[in-house]
Amino acid sequence: MQKFSLKLFVMISIIGIITLNSCNDESLTENLSNSENSEITYQMRSGLKNPLEYVGVAHNEYMKEFTTNLENSFNQGKWENISFLSPEFKTNFSQISNEAFIKLFPNSDSDTDKQEIIYNELDINEWFDNDSTDELMLAESILNTKATQKDKEFTMNLLIDVYNAINNATSDEIAYNELDKIITKHENLILSQEWSSNEDNALGALAITKYSAEFWKNYDFSKFNQSNTNLAGRARNPRSSVIVGADVAGYVIGGVVGGAAGVAVGPVTLGAGTVAGVLGGKAVGAWTGSAVAATAIAIYDAWSDWFN
């Protein structure tokens with residue numbers, strides 16, 4: 001009881017310090033950086049809430065629609081004899097993405113061709129072709145030109161931690177446990193900062209990480225059986241945690257399709273209002289990156305080698 005009371009006192013003290021402290025950002029960031037395993041998440045600090053939380057909520061709503069369509073298309077045999085990353089793959093994928101988009105946003109003017117525009121703008125094939133360019137490099141390149149130094153630093157630190165956790169894990173269970181710690185760590189770091197209205201990378205990436213991990217941790221890939229010719233004779237034990245990395249990278253890289261997403265699919269409503277332009281592109285980028293990674297695992301039995 002004494003030990004519990006002491007722990008509770010320390011937690012309350014930390015909350016009070018974080019909420020009311022007048023120390024500068026550098027000092028606070030340094031202190032939080034030394035507390036990776038802190039149990040003080042932002043939900044426990046009512047004064048520090050992520051204003052882009054709704055982007056994560058919308059992500060899960062979209063992925064629920066997309067995975068339903070993916071399952072249906074798989075059961076109908078629409079993926080048979082289609083090679084991964086081929087032109088036929090892109091068209092098939094874009095058709096499914098469009099169906100999900102129209103279902104979720106019925107006032108959108110999305111169509112398959114416009115979804116292909118987004119696929120191309122995100123440079124999706126570069127993520128998976130195992131050459132010298134990967135999605136982390138693409139994300140950093142975008143941040144170098146479209147983010148403040150502070151926003152870039154916090155975003156890349158989160159992205160790198162997410163990828164390290166996934167790539168170093170030997171199972172989904174281990175990966176998701178590590179991701180939980182990373183989310184807590186970066187909630188403390190990111191939500192302790194003052195962010196300008198043009199700094200939406202770190203906050204949005206944090207929301208995507210949190211909701212993506214929750215969605216894919218609970219998604220059942222076993223419904224994709226081995227009847228498809230793409231999977232003949234292959235063992236199935238997909239590591240769904242790799243999709244979380246694609247989600248976060250997609251959000252950042254989506255900054256390049258802000259205009260394209262607005263023109264292609266029209267304004268979209270993400271819980272807190274209409275989102276267009278760069279933020280709309282980021283949200284759509286996360287959904288597309290996540291959806292392609294999910295398709296790679298579900299249909300092609302792909303592993304994390306595409307994300308290393």
Show the nearest heavy-atom pair for residues [X] and [Y], with the distance to one decimal.
X      : Y      : answer
Ala207 : Leu52  : CB-O, 3.4 Å
Ile182 : Ala165 : CD1-CB, 3.4 Å
Ala246 : Gly289 : CB-O, 3.6 Å
Val55  : Ala283 : CG1-CB, 4.3 Å
Leu159 : Ala249 : CD1-N, 3.8 Å
Ile208 : Ala286 : CD1-CB, 3.8 Å

Nearest 0.5 Å please: distance from the [atom1] atom of [X] over to the [atom2] atom of [Y].
X      : Y      : atom1 : atom2 : value
Leu104 : Glu99  : CG    : CD    : 13.5 Å
Ser73  : Gln95  : OG    : CD    : 9.5 Å
Glu61  : Trp287 : CD    : CH2   : 8.5 Å
Ile243 : Asp172 : CD1   : CG    : 9.0 Å
Thr148 : Leu143 : OG1   : CG    : 9.5 Å
Asp123 : Glu135 : CG    : CD    : 11.5 Å

Modelled atom types, side-chain donor and acceptor of [X] and [Y], under 3.5 Å:
X      : Y      : answer
Glu88  : Ser83  : no
Trp216 : Ser290 : yes
Asn69  : Glu65  : no
Lys90  : Asn125 : no
Ser94  : Glu116 : no
Glu173 : Ser171 : no
Thr209 : Tyr251 : no

Within a strict 4.5 Å, meaning less than it, do heavy atoms of the [X] and [Y] side chains meet?
X      : Y      : answer
Ile299 : Leu70  : yes
Pro51  : Leu203 : yes
Leu206 : Leu191 : yes
Lys146 : Lys152 : no
Phe66  : Thr295 : yes
Ser240 : Phe221 : yes
Gln193 : Glu199 : no
Glu121 : Thr288 : no

Can you get from [X] to [Y] by hopping between Ile, Leu, Val, Met, Phe, Trp and Tyr side chains that sit under 4.5 Å apart?
X      : Y      : value
Tyr219 : Ile166 : yes
Tyr54  : Ile183 : no
Val284 : Ile102 : no
Phe84  : Val242 : yes

Note to self: Checking Asp180 against Lys217 for the side-chain contact (heavy atoms from CB on, under 4.5 Å) test, could you report, in this order, the C-alpha distance in whole Å, the side-chain angles of both residues, the deciding distance, and whether it holds?
What the structure shows: CA-CA 11 Å; Asp180 284 344; Lys217 178 170 60 177; 4.2 Å; yes
Margin query: I need the full list of salt bridge (Lys or Arg N to Asp or Glu O under 4.0 Å) pairs touching residues 155-166, with sequence neighbours left out, sorted by first then second residue.
Written below: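 Only Asp161-Lys185 qualify under salt bridge (Lys or Arg N to Asp or Glu O under 4.0 Å).
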Check: Picking from Phe74, Phe89, Phe93, Phe224, what satisfies ring-ring contact (aromatic ring centres under 6.0 Å, His included) with Trp79?
Finding: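 Among the candidates, only Phe89 passes.
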Check for a donor-acceptor pair, side chain of [X] on one end and backbone N or O of [Y] on the other, with a separation under 3.5 Å.
X      : Y      : answer
Tyr62  : Ala100 : no
Asn98  : Gln115 : no
Asn60  : Tyr211 : yes
Trp127 : Leu138 : no
Ser141 : Met137 : no
Asp151 : Asn201 : yes

Next item on the list: Can you establish whether the number of heavy atoms outside Lys103 located under 6.0 Å from its atom NZ is more than 12?
Entry: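 12 or below, so no.
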Item checked: Ring centres under 6.0 angstrom apart (Phe154, Trp195) -> yes
Note to self: Among residues at least two apart in sequence or on other chains, which ones pass salt bridge (Lys or Arg N to Asp or Glu O under 4.0 Å) with Glu178?
What the structure shows: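 For Glu178 the salt bridge (Lys or Arg N to Asp or Glu O under 4.0 Å) partners, ignoring immediate neighbours, are Lys181.
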